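Encoded as structure tokens, the structure appears first; notes follow it.
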Protein chains: 2
Amino acid sequence: MSSFCGVLNLGRGSLKQTHEVVRARRTIHGAGDVTDDFVIICEGWTACSMRLSDGRRQILSFLIPGDPVSITSLFNGRQRFSVQSLTDVRYCMFSRKELQKEMIDKSRVFQELVKICIAEKEQADQIIVSLGRQSAAARIARLILLLMERLGTRGLVRDQSFEFPLRQQHIADAMGLTTVHVSRVINMFRKEGLVDIAQRRIRILSLKELQRVADAK
Amino acid sequence: MSSFCGVLNLGRGSLKQTHEVVRARRTIHGAGDVTDDFVIICEGWTACSMRLSDGRRQILSFLIPGDPVSITSLFNGRQRFSVQSLTDVRYCMFSRKELQKEMIDKSRVFQELVKICIAEKEQADQIIVSLGRQSAAARIARLILLLMERLGTRGLVRDQSFEFPLRQQHIADAMGLTTVHVSRVINMFRKEGLVDIAQRRIRILSLKELQRVADAK
DNA sequence: CGGAAACTTGATCGAATTCAAATAAGGTGG
DNA sequence: CCACCTTATTTGAATTCGATCAAGTTTCCG
């Protein structure tokens, strides 16, 4: 939808910005990479993840249009996590140096940044609760509902249905599960008429029921 | 040590601050409470937690001297989580209104705030990885090491030993486990000579080994 | 000192993993 | 657009880590 350039409304100012386009399933940057840019996703979905020494992966968050890739990159060019495109993605980049200068001049930008940080932290807290204390079914239901809510605030949900480019592997890595178990749970959801997932789209068939599952143990 | 008033160095300015003291095992504020203050822990340990509808608890973080209780409270007086003292605690409070005014005038404060936010998010990310992909033993080892590191940066570690006021219940709630299992794991650590926990203190006897456990699956 | 909270230990259970193999869906080059 | 090859998904059986249930013991405060 439209060419959405960020929660921050940085586009309006005098700041230079560069746009890039990448295909699905590319690494936008790897963990440890150094960059001078601050990046915002304009179109498409991406996943931020860390890899464990044994090769397993933990996804930290999914980014949707409007999300900054890493607030950290405002102060530190070395990335903690890697970022992969799940769909074709367009993103725009701002120079960290310029942005920092801007921040010193105009504190409105700072207010916005702090708010974004806070929102990221609140989401992380929700995920911690989910991972720490919920069953596989509840975690997956909650992930779906969380994504619907975030996409909704950006006008990307129609009739309880939205783009859903996640593979079961992504859901597994995000919720600390195996693909095998994600498959079983999702088919249970299907059988019970909670959701319809097909062609990289999801439709919530029974919001009430899905919420009930998400709130259960 | 000393009477540490925060990562932010807010004390230096003209900002009014009030100090409060509470005993161990008190609720400093409950989830949903509304407050006009921004609070920083000066002495003692506290835990931030959310409660699930079935009564179980998930701890989001432990706060040690110097930590702000909630960055969110700069913008929103309603607290998402509750905060309990684990030891006797002294904390200081700043008026949100005044602080916001200060932030608009002096962007240095803003820089500091953004950095704190970022640090909180980075810690949350680590916890997510731990909960999502590690065994009980690895999670507990990692928690201990994380706390040692944070306390170390504030000069509160001596000879691999530091104050450790956590009950097994806290460790369980923080790492998504039961107290029964925490007990078993910690006794295993003891038996293997990794740590010595007694009288609300911990001593790391084999840092190497503990790190190995924390990095294992 | 007495009662409550915290910790320990054993037995049993269950949710999710692991291993293995079959089927389906998707992307690519010719 | 098809054939081929890779990547995803599904299904079953066996296993395991951590939960649950139940008692007993220890520690800590007030």
Side-chain angles (χ1 to χ4, degrees), chain A residues 22-26 47 52 54-58 84-88 130-141 143 164-191 195-202 213 216-217, chain B residues 22-26 47 52 54-59 84-88 130-141 143 163-191 195-202 213 216-217:
Chain A
V22 296
R23 318 246 342 243
R25 273 158 290 118
R26 296 292 186 282
L52 284 83
D54 65 359
R56 286 176 311 153
R57 179 175 69 161
Q58 174 72 48
Q84 280 99 23
S85 56
L86 304 181
T87 63
D88 294 353
S130 213
L131 294 181
R133 291 295 186 207
Q134 292 195 292
S135 68
R139 289 184 220 178
I140 293 172
L143 173 65
F164 194 76
L166 306 185
R167 308 290 139 139
Q168 294 185 356
Q169 184 68 68
H170 294 121
I171 298 174
D173 286 342
M175 296 290 98
L177 302 164
T178 57
T179 56
V180 173
H181 199 60
V182 169
S183 171
R184 293 194 223 275
V185 170
I186 285 186
N187 282 323
M188 203 190 70
F189 285 1
R190 287 198 177 106
K191 224 171 290 169
V195 298
D196 177 21
I197 303 179
Q199 275 95 54
R200 314 294 115 204
R201 272 196 88 74
I202 186 170
V213 173
K217 185 162 157 185
Chain B
V22 295
R23 319 247 341 242
R25 274 159 289 119
R26 297 291 185 282
L52 283 84
D54 65 358
R56 285 176 311 152
R57 179 175 71 161
Q58 174 72 48
I59 289 179
Q84 279 98 23
S85 56
L86 304 181
T87 62
D88 294 353
S130 211
L131 294 181
R133 291 294 186 209
Q134 291 195 292
S135 68
R139 290 185 219 177
I140 293 172
L143 173 64
E163 195 190 348
F164 194 75
L166 305 185
R167 308 289 138 138
Q168 293 185 356
Q169 184 67 67
H170 294 122
I171 298 174
D173 286 342
M175 297 290 99
L177 301 165
T178 56
T179 55
V180 174
H181 200 61
V182 170
S183 170
R184 292 193 221 275
V185 171
I186 285 187
N187 283 322
M188 202 191 70
F189 284 1
R190 286 199 177 106
K191 223 171 292 170
V195 299
D196 177 20
I197 303 180
Q199 278 95 51
R200 317 291 116 203
R201 272 197 89 73
I202 186 171
V213 173
K217 186 164 158 183

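Bear in mind that the values here come from a model prediction, so they are computed numbers and not experimental data.
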Please confirm whether the shortest side-chain N or O distance from B:K217 to OP1 or OP2 of C:dT18 is below 4.0 Å.
yes
Hey, what bend do you get for the helix from C:dC1-D:dG30 to C:dG30-D:dC1 if you fit axes on five pairs at each end, rounded to 10°?
70°
Interatomic distance where CG belongs to B:D88 and P belongs to D:dC29 [whole Å]
10 Å
With a 3.5 Å cut-off and just heavy-atom distances, do the side chain of B:R139 and the base of D:dG18 make a donor-acceptor pair?
no
What is the distance from CG of B:L86 to P of C:dA6, rounded to the nearest Å?
11 Å
How do B:R167 and B:H181 order along DNA chain D: which one's closest nucleotide is nearer the 5' end?
B:H181
Between C:dT9 atom C1' and B:M188 atom CE, what is the distance in whole Å?
16 Å
C:dT28 base to A:R23 side chain: any donor-acceptor pair below 3.5 Å?
no
Do any side-chain nitrogens or oxygens of B:R25 fall under 4.0 Å of OP1 or OP2 in D:dC29?
yes
May I ask you to verify if any side-chain N or O of A:N187 is less than 4.0 angstrom from the OP1 or OP2 atom of D:dT9?
no
Using a cut-off of less than 4.0 Å, is there contact between a side-chain N or O of B:T178 and OP1 or OP2 of D:dG18?
no
Provide, to the nearest angstrom, the distance between the CD1 atom belonging to A:I140 and the P atom belonging to C:dA15.
15 Å
Figure out the CD/C1' separation between B:Q199 and C:dC7, and round it to whole Å.
15 Å
Is there a side-chain polar atom (N or O) of B:S183 under 4.0 Å from OP1 or OP2 of C:dT8?
yes
Length of the line joining B:I171:CD1 and D:dG18:C1', which is rounded to integer Å:
16 Å
Could you check how far CZ of B:R56 sits from C1' of D:dG18, rounded to whole Å?
13 Å
For A:I186, answer base if it contacts any base atom (sugar-phosphate contacts may also be present), sugar-phosphate if it contacts only those atoms, and nothing otherwise; contact means non-hydrogen atoms under 4.0 Å.
nothing
When you measure from the side-chain N and O atoms of A:R190 to the phosphate of D:dT10, is any distance below 4.0 Å, counting only OP1 and OP2?
yes
Which nucleotide sits closest to the side chain of A:R184: C:dT9, C:dA16, D:dT11?
D:dT11
I need the CG-P distance between A:L177 and D:dA8, as an integer number of Å.
18 Å
